[in-house]
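First up is the structure itself, then whatever we jot down about it.
The structure presented is a predicted model; accordingly, all values stated were derived computationally and were not measured. Residue numbering restarts at 1 for every chain, and letters A, B, ... go by the order of the sequence lines.
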Amino acid sequence: MPEFKHQIEVEGLSTWFGKKKILKDITCHFKDNTVTAIMGPSGCGKSTLLRTLNRLNDLVPSFKRMGNVRFRGEDIYGVGSSVYDLRKHIGMVFQKPNPFPMSIRENITYGPKLHGTNDEDDLEKIVESSLRKAALWDEVKDELDHPAPNLSGGQQQRLCIARALSVNPPVILADEPVSALDPISAAKIEELIVELKKDYTIILVTHNVQQAFRVSDQSAFLYLGELVEFDETKRILEAPHDERTEAFITGRIG
Amino acid sequence: MSNKNELITADDETSDSDFISRLKRPFIDFNNADRSGRVDILGRLGLFIPAVASTLIIVLVLAFLWVESATIFGDPSGGIGIIINPTWDPNRDMYGIAVFIVGSLMCTGLAIGIAVPLGIGGAIFLSEFCPMRLRQPIKMIVEMMAAIPSIVYGLWAFLVLVPVVKNNIAPIFGSDSNGLSLLAGGIILAIMLLPTVVTISNDALQTVPRSLREASLALGATQSETSRKIVLSAALPGVGAAVVLSLGRAVGETMAVLMVTGNSLQIPYSLFDPTYVMTSIITNQLGYAFVFPLWRSALFAVGLILLIMSICFTLTAKLFIKWGMKTRGYI
Ligand SMILES: Nc1ncnc2c1ncn2[C@@H]1O[C@H](COP(=O)(O)OP(=O)(O)OP(=O)(O)O)[C@@H](O)[C@H]1O
Ligand SMILES: [Mg+2]
């Protein structure tokens, strides 16, 4: 096992979709047991950065990349590194809740079954613990066999978090996970993120400065594909070094 | 007097414009049907009539077949028992139709058994693995396959498929079949069903949102696991619809099957035995049977059973689709 300081380290990362350069020479790292917020105006490349970390952009034929991304010290784009292993260790929660059209239980057991857990008792335990961690257990414990798409939007999103937790990944990527939800559900999920920080490394894309302030420890501010600032959230929000950051925080851009 | 006259004309005028506005009313309502509080008679009738008509047609066809086949079902030499009686011999007034029912079921079963897995496989390939550039051309070719008349399929099968079954396939299994067989019928029927299964399943697969595929991949699933366990499962009701449509076509298909199954009055015991399906017996004998009430009626009874079978298949498949939609939370 190679030595590493942080779960995920990004070094000199540039990406393209076709000829269009999206990310420009990004270098940053994501500390263990912290929430890192990625902020920036729409279209600046937040999602692209996030999806480069679990190689989801590989699906886009025109995607090109230079520079390194290391997960636990190993280059994730290097020869011989398994994308499936990587994704097993880096969970993802999407902007819109996207539960599978199956029962709640099947949503949770899908991941573990893929990776070879077939024992009924083990699966049952995973279902309960994942749902508990996502603060959904009490609401759905009596209807585990009901179709997941019948849940409310907020419940669906917590189910998606539980589904991501089901394979116990050390890192969780979340791309604006509450922006499609009502304020109460959003608050619940924010709380949950803070709670989960104890055990997981969380990278949270957000549009919302207040949200970054409430839940994150460190922040990255992206502007037109450039990493403008990367530091403790408190410092960035209270005393931004760059005027573009300041403009974003005060709501003049974005 | 004059006063009264005036009144009448005035009255006439209002009732006249009333009449016109009453005539115009449905058209105005039709235009405004999207606004709240408007009931649009024209639109309702326009939808109601076809709905009633199509229901009525099914009922009328059933009634017509029932009336025509009543003779055989009422006759002592016939009766409801013809369904399980395998002897068809109009010369001796024996009208058992079990042979045809079994023939049709086996032929349809074989065709569905071949076409559905192949078609779904093809649809998955098209929607999940096929390079973008090839997708449209392949889809177009497949759709064109559906436009080929069944008699042309029949001719091709008679000249190519039957000899292949006779010379290349049957000998492997130690059969001396002449090629006109259940297998040939099943294969040609499967080929004819394939375009329906592929296109409709492919459409169903493509409506599965990309976000579901991404969610699965993000959990560490491979492309193949994702397409089998998530995409296909999510699209299953739509794929079921493809199977329903092809089932309907399979039991009702006539020409191609008639030309290659050998039309022999026996229950097939192997894939290489000839068989006789329900549509074939009607087509072959209706001309001779027309002046013999019992014979003719027996052929209509075959038609009636065929329609009932077809309706049962469709209803069963619909129930299955509904169940699939429920467990997936679509309805
Ligand atoms: N699959 C793709 N193919 C081509 N271009 C893409 C693709 N995905 C994103 N882009 C482009 O990359 C740029 C950055 O997009 P990205 O989704 O990363 O922005 P974002 O910061 O997440 O924005 P938002 O806050 O609106 O989600 C955009 O200009 C977008 O058009
Ligand atoms: Mg985004």
Should A:Pro101 and B:Val208 count as side-chain neighbours, where that means a heavy-atom distance under 4.5 Å?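 No, every pair of side-chain atoms sits at 4.5 Å or beyond.
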
Please find the pair of heavy atoms, one from [X] and one from [Y], that lie closest to each other, and give the distance.
| X | Y | answer |
| --- | --- | --- |
| B:Ala215 | A:Phe100 | CB-CE2, 3.9 Å |
| A:Met92 | B:Ala218 | CB-CB, 4.0 Å |
| B:Ser216 | A:Tyr110 | OG-OH, 2.8 Å |

Assert top hit (heavy-atom pairs under 4.5 Å, partner chain B, pool A:Leu151, A:Leu56, A:Asn54, A:Val167) equals A:Leu56

Would you mind telling me which of A:Ala164, A:Ser103, A:Pro147 has the largest number of heavy-atom pairs within less than 4.5 Å of chain B? A:Pro147

Could you measure the distance from the [atom1] atom of [X] to the [atom2] atom of [Y]? Nearest 0.5 Å is fine.
| X | Y | atom1 | atom2 | result |
| --- | --- | --- | --- | --- |
| B:Thr222 | A:Tyr84 | OG1 | OH | 5.5 Å |
| B:Arg213 | A:Asn98 | CZ | CG | 12.5 Å |
| A:Met102 | B:Ser233 | CE | OG | 4.5 Å |
| A:Lys113 | B:Lys229 | NZ | NZ | 8.5 Å |

Do other residues, nucleotides or ligands put more than 12 heavy atoms under 6.0 Å from [X] [atom1]?
| X | atom1 | result |
| --- | --- | --- |
| B:Leu56 | CG | yes |
| A:Lys141 | NZ | yes |
| B:Phe48 | CZ | no |
| B:Lys318 | NZ | no |

Side chain, backbone, both or neither of B:Thr327 within contact of chain A (heavy atoms, under 4.5 Å):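 Contact with chain A involves the backbone of B:Thr327 alone.
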
Just by modelled atom types, is the B:Leu219 backbone N or O under 3.5 Å from a matching donor or acceptor in the A:His115 side chain?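 It does hold such a pair.
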
Under 4.5 Å heavy-atom distance to chain B, tell me which part of [X] shows up: side chain, backbone, both or neither.
| X | value |
| --- | --- |
| A:Pro99 | backbone |
| A:Arg55 | neither |
| A:Ile90 | backbone |

